[in-house]
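Structure first, then comments.
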Amino acid sequence: LDANKTVDFVPLVRAPGGVRLAGGDAAQSTLDGFFKRSEEIQTSGFVEEAFAEYAKKTAQRTAAVLLGDSALLRGVNVLTGRKPLGRLYGRRARLALVNHLECESLREVLAEALKRV
């Protein structure tokens, strides 16, 4: 931002039917957390480490989404020690899947194919 521009942060909280302005402690807590994260992301490696932790925590749910999250696949998940992708896909198949997710054009083709199934 240049010297002539400012940014205002308006803390909001969830409320029945939408959101409302946060007040008092909720507003201060929201702003404190925001400024803390703003400082943390400037630390070298913080974003990568935080993302790696997030990916680790959500890996099983993500695998379930890729496998369709059906009752049958939940059973397979239990029987395979909660590592369905590693058991159902070989190394080359997993690499092909990663390639389709990382390559923008292949990801778009995959999304379109899934919409048409």
Side-chain angles (χ1 to χ4, degrees):
L1 297 176
D2 66 38
N4 297 325
K5 295 186 181 182
T6 62
V7 176
D8 292 321
F9 302 105
V10 181
L12 303 174
V13 293
R14 290 182 199 185
V19 297
R20 63 178 175 76
L21 286 173
D25 291 342
Q28 191 59 51
S29 176
T30 299
L31 290 172
D32 289 347
F34 178 80
F35 290 119
K36 180 182 178 212
R37 285 185 299 278
S38 294
E39 290 295 320
E40 289 173 335
I41 64 172
Q42 295 179 41
T43 302
S44 179
F46 174 80
V47 172
E48 294 81 1
E49 186 177 316
F51 181 78
E53 184 62 29
Y54 169 76
K56 182 179 177 183
K57 286 180 182 177
T58 60
Q60 294 304 317
R61 180 71 197 128
T62 301
V65 168
L66 287 172
L67 295 171
D69 202 22
S70 69
L72 174 64
L73 289 171
R74 282 192 299 273
V76 169
N77 188 25
V78 170
L79 293 173
T80 61
R82 304 216 177 273
K83 295 189 180 196
L85 291 179
R87 307 264 191 211
L88 298 175
Y89 292 95
R91 181 179 179 276
R92 292 184 80 200
R94 287 193 314 271
L95 289 174
L97 182 57
V98 168
N99 187 43
H100 275 72
L101 294 171
E102 288 181 344
C103 173
E104 184 178 2
S105 62
L106 291 175
R107 184 175 55 247
E108 289 177 7
V109 169
L110 178 62
E112 192 61 34
L114 290 171
K115 289 175 190 175
R116 296 174 185 265
V117 172

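Heavy atoms only: backbone and side chains are in, while hydrogens, waters and symmetry mates are out.
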When rounded to the nearest 0.5 Å, the distance separating OG1 of Thr30 from CG of Leu21 is 11.0 Å
Looking only at heavy atoms, the pair that brings Glu102 and Arg107 closest together is O-NH1, 3.7 Å
Are there more than 12 heavy atoms of other residues, nucleotides or ligands under 6.0 Å from atom CZ of Phe9?
yes
Would you say Val19 and Val13 make side-chain contact, with heavy atoms under 4.5 Å?
no
Check: Leu97 and Leu101 side chains under 4.5 Å, non-hydrogen atoms
yes
When rounded to the nearest 0.5 Å, the distance separating OG of Ser105 from CG of Leu110 is 11.0 Å
May I ask you to check whether over 12 heavy atoms, not counting those of Glu49, lie within 6.0 Å of atom CD?
no
Cluster check Phe34, Val7: I/L/V/M/F/W/Y, side chain < 4.5 angstrom:
yes
Working to the nearest 0.5 angstrom, can you tell me the gap between Arg116 CZ and Leu114 CG?
11.5 Å
Hey, does the side chain of Glu39 reach the backbone of Phe35 with a donor-acceptor pair shorter than 3.5 angstrom?
no
Kindly say whether Tyr54 contributes a backbone atom to a donor-acceptor pair with the side chain of Thr58 at under 3.5 angstrom?
yes
For Glu53, does the CD atom have more than 12 heavy-atom neighbours from other residues, nucleotides or ligands under 6.0 Å away?
yes
